Amino acid sequence: MDIIAEDKQLKIKITDDFDPVKIFECGQCFRWNALEDGDYVGVVRSAAARVHFENGTAYIKATGGDVLLWSDYFDLETDYAGIRAGLCVDDYMRRCSQSGAGIRILRQEPWEALCSFIISQCNNIPRIKGIVERLCANFGERIEFEGREYYSFPEAEKIALLSEKDLSVIRAGYRAEYIIAAARSAVSGETDFELLDKMDAVSAKKEIMKLRGVGSKVADCFVLFGLHKLNAFPIDVWMKRAIAEHYGKSFSPGIFGDYAGLAQQYMFHYARNVRQEE
DNA sequence: GAACAGGCAACTC
DNA sequence: GAGTTGCCTGTT
């Protein structure tokens with residue numbers, strides 16, 4: 001990918017898979033929203049940004065963050081087209097990966113991913129987004145961008161000091177208790193994201209599942225999206241259906257190898273966006 | 001009003 | 001280990 005910094009914006013000549021709609025709407029993140037003109041606006045760390053996509057070029061205009069932040073966040077060093085080609089172990093996966101071409105796994109902050117996916121349980125995307133937005137608006141740092149207000153995702157340190165009552169404004173329900181416990185665990189060092197990062201996906205999953213409110217699915221989402229371990233394979237009801245239909249009981253994510261997590265994204269995308277249209 | 005939702009924990013057998 | 005139930009909130 002060619003990244004050129006010009007006129008206070010980054011211009012990325014896309015030479016690999018990169019589809020903003022799929023990237024932002026595939027369920028991996030909750031803080032990017034489409035504007036009327038189709039651009040996406042979101043917050044990463046302490047920077048707000050607008051992503052515009054046109055003629056094979058992505059334009060990123062942000063309040064901050066250098067080239068490194070954005071190339072890291074969008075995982076631009078990884079060859080998704082190449083990985084995708086290698087995933088086509090059967091005809092079904094070929095269809096899935098074709099339909100999902102353009103998805104990239106963002107390198108999100110571990111704490112943000114953990115917290116967001118704790119909130120995601122038994123919830124739909126609009127509501128998850130609402131809760132996360134209220135969390136940020138109430139406890140994050142204010143960022144002004146293009147005449148509008150945005151908020152950073154609050155640090156674990158900040159959430160650790162809150163009571164469940166303090167959190168009631170975000171209307172997370174019974175998940176509030178889990179969020180606070182996770183924040184305190186992160187602050188105390190009992191949950192150590194740097195340490196988890198060094199582990200393999202299976203060990204990291206096992207470790208993060210020690211937290212209350214973190215079961216198998218949330219743990220896999222954390223490992224895949226928060227730790228960027230691309231072999232983690234979250235299984236929700238959509239995936240369960242797809243697996244039952246196409247692979248049966250003996251299924252193991254292992255058949256997709258080191259990039260099973262990407263295969264999961266393609267299957268998920270296909271199940272949600274393509275298959276019902278057939 | 002009741003059932004349900006992209007899930008988890010605690011409990012039962 | 002498989003099955004059941006409550007959980008907080010919002011939607012159908």
Side-chain angles (χ1 to χ4, degrees), chain A residues 21-33 96 99-100 103 105-106 108 112-139 159 162-186 190-191 202 204-226 232-253 260-277:
Chain A
V21 177
K22 288 180 193 163
I23 290 170
F24 295 133
E25 312 273 5
C26 71
Q28 65 175 315
C29 59
F30 305 101
R31 300 221 62 209
W32 288 90
N33 294 298
C96 289
S99 86
I103 291 176
I105 309 290
L106 299 169
Q108 303 183 65
E112 177 172 341
L114 175 63
C115 194
S116 300
F117 284 98
I118 286 174
I119 290 169
S120 79
Q121 64 188 73
C122 212
N123 251 330
N124 51 39
I125 288 173
R127 190 169 166 234
I128 299 164
K129 280 181 147 185
I131 295 171
V132 171
E133 275 323 297
R134 287 189 289 276
L135 178 71
C136 298
N138 281 282
F139 306 107
I159 304 303
L162 302 177
S163 66
E164 279 182 49
K165 201 174 160 228
D166 296 327
L167 262 192
S168 63
V169 289
I170 74 171
R171 304 202 292 279
Y174 63 90
R175 304 162 192 83
E177 170 200 339
Y178 304 153
I179 295 167
I180 293 169
R184 289 182 183 164
S185 178
E190 201 181 330
T191 295
V202 175
K205 175 180 179 181
K206 207 169 152 190
E207 197 58 31
I208 205 68
M209 279 180 71
K210 290 179 182 166
L211 291 174
R212 267 183 72 80
V214 179
S216 178
K217 194 265 182 181
V218 171
D220 275 323
C221 286
F222 165 74
V223 172
L224 178 57
F225 302 126
F233 197 90
I235 297 177
D236 63 9
V237 295
W238 290 89
M239 289 301 297
K240 240 181 217 160
R241 267 199 293 269
I243 290 166
E245 201 168 316
H246 296 280
Y247 295 104
K249 282 210 160 190
S250 60
F251 173 78
S252 155
L262 250 184
Q264 188 275 0
Q265 288 297 284
Y266 297 139
M267 276 175 77
F268 187 72
H269 181 269
Y270 188 74
R272 294 218 51 182
N273 299 284
V274 182
R275 206 179 158 270
Q276 63 268 39
E277 291 164 17

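Chain identifiers are assigned alphabetically (A, B, ...) following the order of the sequence lines, protein sequences preceding nucleic acid strands; residue numbering begins at 1 within each chain. A quick note: this is a predicted structure, and the numbers were derived from the prediction, not measured. Just so it is clear, the values below take in all heavy atoms, side chains as well, and ignore hydrogens, waters and symmetry mates.
A/L211 comes within 4.0 angstrom of the backbone, heavy atoms only, and of no base.
Rounded to whole angstrom, the span from the CD1 atom of A/I208 across to the P atom of B/dG7 amounts to 18 Å. In this structure, A/F222 atom CZ and B/dG7 atom P are separated by 18 Å, rounded to whole Å. Atom-to-atom, CD1 of A/I179 to P of C/dC8 comes out at 13 Å; the value is rounded to the nearest Å. Distance OH (A/Y174) to P (C/dG10): 13 Å, rounded to an integer number of Å. Between the CG atom of A/N123 and the P atom of C/dT9 there is a distance of 12 Å, given to the nearest Å. Between the CD atom of A/Q265 and the P atom of B/dG6 there is a distance of 16 Å, rounded to whole Å. We find that CZ of A/F117 is positioned 16 Å from C1' of B/dC8, with the value rounded to whole Å. The interatomic distance linking A/R171 (CZ) with C/dT11 (P) rounds to 9 Å, in whole Å.
If you check the side chains of A/S185 and A/K210, you find no donor sitting under 3.5 Å from an acceptor. Residues A/K129 and A/N33 bring a donor and an acceptor atom of their side chains to less than 3.5 Å of each other.
Using the six-membered ring where Trp is involved, A/Y178 and A/Y174 have ring planes that are perpendicular, over 60° apart on the 30 and 60° scheme.
Taking atom P in both B/dC8 and C/dT11, the straight-line distance is 23 Å, to the nearest Å. For B/dG6 and C/dA2, the C1' atoms lie 22 Å apart once the distance is rounded to whole Å. A gap of 23 Å separates the P atoms of B/dA9 and C/dG10, to the nearest Å.
Within the shown strands, B/dC13 is the pairing partner of C/dG1 under the Watson-Crick or G-U definition, both distances less than 3.5 Å. Nucleotide C/dC8: unpaired (no Watson-Crick or G-U wobble partner with both distances less than 3.5 Å).
At a threshold of 4.0 Å, the pair A/E133-A/R31 counts as salt-bridged, since one of the basic side-chain nitrogens sits closer than that to a carboxylate oxygen.
To the nearest 0.5 Å, atom CZ of residue A/R171 and atom CZ of residue A/R127 are 8.5 Å apart.
The phosphate of B/dG6 has neither OP1 nor OP2 within less than 4.0 Å of any side-chain N or O from A/R127. Applying the 4.0 Å criterion to OP1 and OP2 of B/dC8, one finds that A/R175 has every side-chain N and O outside that range.
The listed nucleotides are B/dA9, B/dG7, B/dG6; the one nearest the side chain of A/I125 is B/dG6.
Of the two residues near DNA chain B, A/V237 and A/K210, the one whose nearest nucleotide lies more 5' is A/V237.
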